[in-house]
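Below is one structure, written out as structure tokens; the observations come after it.
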There are 2 protein chains.
Amino acid sequence: MRATISDVARAAGVSIKTVSRVLNKERYVGAATRERVEAAMTALNFSPSLAARTLAGSRSFQIALIYDNHSPFYIHQIQEGVWARCRQEGVRMLAQPVDVASPTLAREVGGLIDETRVDGIVLSSPVTDAAPVLAELERRGIPFVRISPGTNHALTSSVFMDDAQAADDMTTHLVNLGHRRIGFVIGHPNHMASDQRLFGYRRALDRAGIAYEPELVRPGLFDFASGAAAAEALLALPAPPTAIFASNDDMAAGVLAVAHDRGIPVPARLSVAGFDDTELARAVWPPLTTIRQPTRDLAYTAASLLFEKSDGVEHRRLQHDLMTRGSTARPAG
Amino acid sequence: MRATISDVARAAGVSIKTVSRVLNKERYVGAATRERVEAAMTALNFSPSLAARTLAGSRSFQIALIYDNHSPFYIHQIQEGVWARCRQEGVRMLAQPVDVASPTLAREVGGLIDETRVDGIVLSSPVTDAAPVLAELERRGIPFVRISPGTNHALTSSVFMDDAQAADDMTTHLVNLGHRRIGFVIGHPNHMASDQRLFGYRRALDRAGIAYEPELVRPGLFDFASGAAAAEALLALPAPPTAIFASNDDMAAGVLAVAHDRGIPVPARLSVAGFDDTELARAVWPPLTTIRQPTRDLAYTAASLLFEKSDGVEHRRLQHDLMTRGSTARPAG
DNA sequence: GCGAATTCAGACACCGCTGTCAGACGGTGA
DNA sequence: TCACCGTCTGACAGCGGTGTCTGAATTCGC
């Protein structure tokens with residue numbers, strides 16, 4: 001049967017409180033005692049009941065990762081990162097997909113906290129910018145860290161990259177190749193990063209002395225279909241762009257598909273650039289020039305911030321990289 | 001402050017136990033009493049402590065989903081399916097990535113069960129066939145369901161599709177198009193489904209009276225790179241195949257990339273087929289002809305089996321579909 | 001109209017740990 | 001020598017619910 005803490009105590013000839021001390025690495029346990037207890041624990045194959053620890057103590061050894069569904073690749077990396085850090089800490093991760101548009105979201109999150117008593121929360125974009133949720137978390141005073149938030153940077157701890165600079169870098173890359181008419185596909189309007197990326201695109205154009213043309217900029221939803229639709233529109237223009245920069249890889253894949261369909265060789269006649277460097281970027285052809293977003297590391301760092309529990313608000317900026325692959329080249333002619 | 005069950009009891013003018021009865025939908029609670037209690041619960045915004053319920057009762061309101069990392073798309077759909085069913089049941093899902101090759105895996109899983117007291121477990125391939133894990137679960141008598149297991153079908157409840165038939169269908173599709181030299185890329189050796197798919201391929205060839213040629217069959221690991229490597233080898237053959245059937249979409253994407261690199265038009269000169277119908281199948285160009293595997297439904301059904309807790313072992317086979325898209329066509333000439 | 005079955009509600013122990021407090025012990029400074 | 005401190009360990013009371021048992025009120029069969 002399952003071993004309990006009192007079984008261990010009996011086997012080691014100490015009180016259950018002493019076993020508890022060893023379990024929690026508290027001070028004031030003699031070396032000899034500790035060893036006896038540890039031996040008993042392994043001998044009995046003891047795993048403490050999380051439920052009992054949560055109920056009796058002030059920690060639950062669980063944190064929650066809250067996200068809304070967008071790219072599976074992105075979510076996968078986020079989960080990976082948070083989970084890896086949790087594992088080091090001996091803490092469980094509760095993955096909680098939500099609908100950021102749900103009117104009851106704040107209450108759901110509140111219920112989650114009450115039920116599970118999680119020790120902290122990692123928020124992934126776009127839940128990072130859902131005001132009711134932030135207010136609820138604030139009200140309860142539960143520690144939380146946001147990954148790539150778009151608003152109120154100062155308020156809470158967060159990890160992020162410089163989306164504007166990254167988009168600027170990519171646009172500059174295209175400009176340096178010789179492109180002058182560069183199409184842009186905006187990201188999902190729910191995500192604040194979308195604005196940042198658009199801003200970076202415009203800033204780079206501006207610096208290069210290229211006039212901003214609204215017709216070259218199309219809305220998107222971070223998915224394949226919207227990328228394809230945007231490409232259709234851009235390529236139907238009287239003076240179509242020689243390069244298209246999509247705000248994520250999924251949409252860039254959509255752009256690629258449209259180009260292939262129309263027999264437009266990439267990159268010879270059309271350069272295509274993405275953003276994120278998900279696995280998709282290397283699975284399409286030609287492989288996408290894209291911005292490597294350190295997604296996994298962002299998530300890992302977010303979890304770290306939670307565990308380090310420095311009292312104050314802390315921010316960490318992580319570096320991005322421009323990954324030059326086969327989908328971009330000098331314009332024809 | 002957080003409301004407890006005794007707050008609710010006081011507010012409703014009943015005993016704690018009666019509130020507990022309402023919470024658990026037990027019998028023998030008067031309609032009027034139930035309403036008073038429910039009103040008090042919403043008024044106080046009461047969420048019961050999972051830790052306390054777990055400790056005192058015989059359920060934990062949690063199940064675990066155990067998987068080893070392979071395609072992010074696949075995992076994403078599996079999580080989605082299990083999670084959707086859990087939500088209906090008011091049960092939390094603990095996502096637990098593991099390394100199926102780890103020698104301590106069974107112990108880890110045992111520890112997970114002891115710590116969390118999960119009510120049941122969903123196993124996803126290839127953990128479905130890790131003998132030590134199965135033995136551990138069996139020993140503890142904890143309910144579990146396997147998704148697409150490869151072995152010991154009779155032993156435990158499972159949901160699956162007919163991988164052999166699906167591969168047979170795809171191969172037959174290619175044969176019917178007129179292909180005679182059909183390359184095949186095997187899946188990851190850890191996954192039992194890989195054998196089944198190879199078997200289906202051979203069976204279809206056999207029925208069509210086409211001799212099996214070992215040189216047309218290459219090993220793979222379910223990832224892009226191994227698909228590309230297999231394609232390189234196949235296309236370097238003195239008599240290269242006119243079609244390549246890869247055991248999943250990721251590898252098929254690798255095949256496509258090699259074809260593009262070599263300037264071999266798809267599907268005009270080479271047909272390419274995948275397996276799974278992940279989002280990737282529609283993100284590449286041309287979109288992949290593939291087998292739609294009802295991954296999300298498999299996961300959903302697996303969770304259902306867990307909750308329905310019919311005493312006996314139960315199996316559910318789900319249907320697959322042949323999705324004909326742009327990557328396959330009649331061979332040239 | 002009366003005993004028995006059924007419906008309803010509460011008392012109480014306890015699930016397996018942690019927090020608090022108090023006690024024992026040996027070493028230290030005055 | 002004594003008071004005092006740091007170190008080590010145990011007793012004990014909960015944490016917030018559920019399972020079991022017991023008892024009262026109601027319905028039912030004949």
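Below, chain A is the first sequence line, B the second, and so on; all start at residue 1. The model shown is predicted, which means the values in this text are computed figures rather than measured ones.
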- Over all heavy atoms of both residues, which pair between B:Arg21 and B:Val29 is shortest? Give the atoms and the distance, please. CB-CG2, 3.6 Å

- Message: Ignoring hydrogens and geometry beyond distance, is a side-chain donor-acceptor pair present between B:Arg146 and B:Thr156 at under 3.5 Å?
- Response: yes

- Query: What nucleic acid atoms does B:Arg59 come within less than 4.0 Å of, heavy atoms only: base, sugar-phosphate, or nothing?
  - Reply: nothing

- Query: When the distance from CG of A:Leu23 to P of C:dG16 is rounded to whole Å, what number comes out?
  - Reply: 15 Å

- Message: Which heavy atom of A:Leu23 sits nearest to which heavy atom of A:Pro48, and what is that distance?
- Response: CD2-CB, 3.7 Å

- Query: Within the distance-only criterion (no hydrogens, no angle test), does the side chain of A:Asp119 pair as donor or acceptor with the backbone N or O of A:Ser60 below 3.5 angstrom?
  - Reply: yes

- Any luck finding a side-chain donor-acceptor pair between A:Gln79 and A:Tyr67 under 3.5 Å? yes

- Item | Separation of C:dT18 P from A:Arg117 CZ (nearest whole Å) | 16 Å

- Item | A:Glu308 and A:Ser304: side chain donor to acceptor below 3.5 Å | no

- Query: In whole angstroms, how far is the C1' atom of C:dG16 from the CG atom of A:Leu50?
  - Reply: 12 Å

- Message: When you compare the side chains of A:Asn45 and B:Arg107, does any donor N or O come within less than 3.5 Å of an acceptor on the partner?
- Response: no

- Query: Hey, is CZ on B:Arg296 packed in by over 12 heavy atoms from elsewhere, all under 6.0 Å?
  - Reply: yes

- Is it the case that more than 12 heavy atoms not belonging to A:Arg87 sit under 6.0 Å from its CZ atom? no

- Item | Flag, side chain of B:Asn24 to backbone of B:Ser20, donor-acceptor distance under 3.5 Å | yes

- Message: At under 4.0 Å between heavy atoms, how does the protein contact nucleotides 3-14 of chain C? Give one character per nucleotide, 5' to 3', with B, S or -.
- Response: ----SBBBB---

- Message: Using five base pairs at each end to define the local axes, how bent is the helix from C:dG1-D:dC30 to C:dA30-D:dT1, to the nearest 10°?
- Response: 30°

- Message: Would you say A:Gln88 and A:Tyr300 are linked by a side-chain donor-acceptor pair, where the criterion is simply a distance under 3.5 Å?
- Response: yes

- Message: Counting the atoms with a prime plus P, OP1 and OP2 as sugar-phosphate, which does B:Ser58 contact under 4.0 Å by heavy atoms, base, sugar-phosphate, or nothing?
- Response: sugar-phosphate

- With a 4.0 angstrom cut-off to heavy atoms of chain A, pull out the first and last contacting nucleotide of DNA chain D, in 5'-to-3' order. D:dT7 to D:dG16

